[in-house]
Structures are given as C-alpha cells and as structure tokens.
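The model shown is predicted, which means the values in this text are computed figures rather than measured ones.
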Amino acid sequence: MAHTHDHGGHDHGAGHVHGSTDKKRVLIAACLTGGFMVAEALGGILTGSLALLADAGHMLADSIALGLAWYAFHLAGRPATGRLTYGFGRVKTLVAYTNGIAIFVIALWIVYEAWGRLQAPTPVLGGPMLAVAILGLLINIGSFFVLHGGDRESLNMRGAILHVLGDLLGSAAAIVAALVILATGWTPIDPILSVLVSLLILYTAWSLMREAAHVLLEGVPPTLDRDLIARDIEATVQGVREVHHMHVWSLDGTSNMATLHACLNEGVDAHQAVSAVKKRLASEHGISHATVEPEFGQCADDGDDHEHDHDHGREHDEAAHHDHHH
C-alpha cells in the first residue's frame, strides 16, 4: 500500500492516436526522400555540383533517419514487458539523439569537401543542376507538409521534420547556386552555399540532441519546476506536511512522471491524501503517472540519503532566491 500507481489512461489514448498518424506520415516522407535521393546523387555526379551531392548526402541520412523514426513509432506501440516495464516509448528519444549525431557527421563532411572545392574549383553544369534542384525542392516541400501536420511535441517527430527541413534548405541553396553559375559562371558559389546550409543544420541538430539528451538523463522537463511543485502540494493538499525525495522526469518528451515521499500529519487518511496529491499533479502540472509514498513521523529512507535532502533544500533556497531576484 506504500507505493501507489496511476497511469492517466486518457493521456495514453491521445498519445496512441498521434503515434499512429505520425507513423504513417514518417513512412510517406521516408519513401519520398529515399526515392529522390538516388536521382539527386546521380545528378550531383553528372553535373559536378557539390550542392547537389551535399543535399543527396543529407537525403541519404534522412531516409535512413526517417526509417528509424518510423521503426521507433512502431516499437513505441508495443506493450510494456517484464524486462522493459515502461515499454518502448523512449526508443523515439534515442532515435532523435542518434539522428542529431548523424546530421552532425554529414554536415562536417560537406564543410570539409567544400574547403577542397574552394582551393581547386571544379566545373559545374548549371542547367541540369537547376532542373534536379527544383525537382528536389518540390519533393522536400511535399515531405515537409506531410510531417508538419504531425505531433510537434514529439522529439522523434521534430527530429524527422528537422531532417526534411535540412533537405529543403539544401535544395533551395542548390537552386540559387545553379542560377548564379548560369548567370555569371562563378562556380565557388556552389561550395559556399553548401557550407552555409551545413552550418544552419549543425545549429538545429545541436538543439535537438541537447533536448533528447536531457530526456535520456532523466532531467526535469523544461516546462516544470520540481521544487515549486513540491511547495504547491504542501500548500494545497490538506494533511500533507512536507514533500521530499521528489523526482520529476519525462519518459519520451511528452509523458511526464514523478515519484515523491509525502509526509502526512497524524490522523490523516493516507489513501485520500495520496489520491489528492495525484489529482493535483495531473490537473495542475501535467504529470500523468505518479508514485507517492505516504509517511508518518520519520522518513523510511533517513540515515542513508541525508545528502539528497540537503541538496533538495539547497536547490529550493536557490530557486526561491532566483524568483525573488526576478
């Protein structure tokens, strides 16, 4: 009776609907991207354009990444097991992090290749390059709109959108480069624009990786403040004297969870107090799954976890000071 669980069933239902439509969207985008990548790679080789090859490189990584994103959605729909008690929901975050690393590697390769092209410019066929780039742009716009209607809160979906956005920028840069080459014959514009697109993609990949890493490290979701939630429960739930040993994290960037010890006043009904805490967490803080341990008198963990409580108090004091300063 000490540990009580609540799964917030309606949240899972909404997530399931999003997941099934997102899964289809990602699969369509993967097919569009993979199909055109072959044509663009051939176009880049035939025309001598690094901008086209760079975009084909992005599209190769993206078709693999979109395939992985689809598989992550597929796995996330599976029920939890005795070994994986939270199910496969976090696979999506793991894929988002891996996607970020893949984009980093490709962007760095393009920068390296562009440097070589600037040292020794190579001839580029502007006309065929323009035709392939325009076709690529249309394909990427189609993929972007297919994905854009999905769940923007999902890190996995955002990773997929980021890949296609990179391709879209790559195609746009290739079009500009082709037009400049056709008008002036100045071929260095091709590697220069390739580098600009790569730098922009590196920045966005870094932010995606940072968010995914925060989820994987069980960090408190950016929209929540653990210490303020603890104080809120103490102030609003009748019979709760103190909240400590509180952990707040997210399973996949959208589903928030918490564990905590609720120290109760003598004579309070533990079951009612725990239910009230869970309702407050769900309604006010969007925490759909909570494990609450009710306590009377001394904490069961006292003696082996003093440091944790000390840190909690210190963090709360710092948070209060920070809020006061603002």
Reported [atom1]-to-[atom2] distance for the pair [X] and [Y], which is rounded to 0.5 angstrom:
X	Y	atom1	atom2	value
L50	I189	CG	CD1	12.5 Å
L179	I134	CG	CD1	7.0 Å
L27	D22	CG	CG	12.5 Å
L125	I181	CG	CD1	9.5 Å
M129	L53	CE	CG	10.0 Å
I45	L52	CD1	CG	10.5 Å

ILVMFWY cluster membership beyond Y86 - transitive side-chain contacts under 4.5 angstrom: W249, L251, M257
Residues clustered with W109, ILVMFWY side-chain links under 4.5 angstrom: I106, I110
Looking only at heavy atoms, which two atoms of [X] and [Y] are closest? And how far apart?
X	Y	value
L182	G127	CD2-N, 3.5 Å
L66	A30	CB-CB, 3.7 Å
M209	Y97	O-CD1, 3.5 Å
V243	V240	CG2-CG1, 3.9 Å
V146	R25	O-NH1, 2.7 Å
G100	A205	O-CB, 3.9 Å

Listed once per pair and sorted, the side chain to side chain donor-acceptor pair (under 3.5 Å) pairs that draw on residues 181-199, sequence neighbours left out: S49-D190
List in chain and number order the residues that pass side-chain hydrogen bond (donor to acceptor under 3.5 Å, both in side chains) with [X], two or more places apart in sequence or in another chain; answer none if no residue qualifies.
X	value
S171	D55, N140
E218	R90
T33	none

Decide yes or no for [X] and [Y]: does some side-chain heavy atom of the first lie under 4.5 Å from some side-chain heavy atom of the second?
X	Y	answer
V91	F88	yes
L118	V195	no
L264	R241	no
E113	R117	yes
L224	I229	yes
L281	N256	no
V292	K278	yes

Exceeds 12 heavy-atom contacts within 6.0 angstrom, atom [atom1] of [X]:
X	atom1	result
Q119	CD	yes
F296	CZ	yes
Y71	OH	no

Set of residues satisfying salt bridge (Lys or Arg N to Asp or Glu O under 4.0 Å) with respect to E284, sequence neighbours excluded: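 In terms of salt bridge (Lys or Arg N to Asp or Glu O under 4.0 Å), with neighbours along the sequence ignored, E284 is linked to no residue.
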D232: salt bridge (Lys or Arg N to Asp or Glu O under 4.0 Å) partners, not counting sequence neighbours: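 D232: salt bridge (Lys or Arg N to Asp or Glu O under 4.0 Å) contacts with R280.
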Hey, any chance [X] and [Y] share a hydrophobic cluster, counting ILVMFWY side chains that come within less than 4.5 Å of each other, even indirectly?
X	Y	answer
I101	V95	no
L94	W206	yes
I192	L202	no
W115	L108	no
F104	L169	no

Just jot down the side chain to side chain contact (heavy atoms under 4.5 Å, CB included) partners of [X], sequence neighbours excluded, or say none.
X	answer
T223	P221
L196	L193
L46	none

Evaluation steps, side-chain contact (heavy atoms from CB on, under 4.5 Å), between E295 and E242: CA-CA 10 Å; E295 295 172 341; E242 188 200 353; over 6 Å; no
M246 vs V248, side-chain contact (heavy atoms from CB on, under 4.5 Å): CA-CA, chis, key distance, verdict: CA-CA 7 Å; M246 186 170 189; V248 180; 3.8 Å; yes
E234 and H244: side chain donor to acceptor below 3.5 Å: no
Whether H148 side chain and S143 backbone form a donor-acceptor pair below 3.5 Å: no
Under 3.5 Å: donor-acceptor pair, side chain of N265, backbone of V268: no
Evaluation steps, side-chain contact (heavy atoms from CB on, under 4.5 Å), between V132 and F36: CA-CA 10 Å; V132 175; F36 187 73; 4.1 Å; yes
Indicate every side-chain donor-acceptor pair of residues 73-82 with a distance under 3.5 Å to a residue at least two apart or in another chain.
unit_1 : atom_1 : unit_2 : atom_2 : d
H74    : ND1    : K23    : NZ     : 3.2
T81    : OG1    : R83    : N      : 3.3
T81    : OG1    : L84    : N      : 2.8

Working for side-chain contact (heavy atoms from CB on, under 4.5 Å), residues C299 and H261: CA-CA 8 Å; C299 173; H261 290 195; 3.5 Å; yes
Identified side-chain contact (heavy atoms from CB on, under 4.5 Å) counterpart of I161 within the set L208, L147, V26: L147
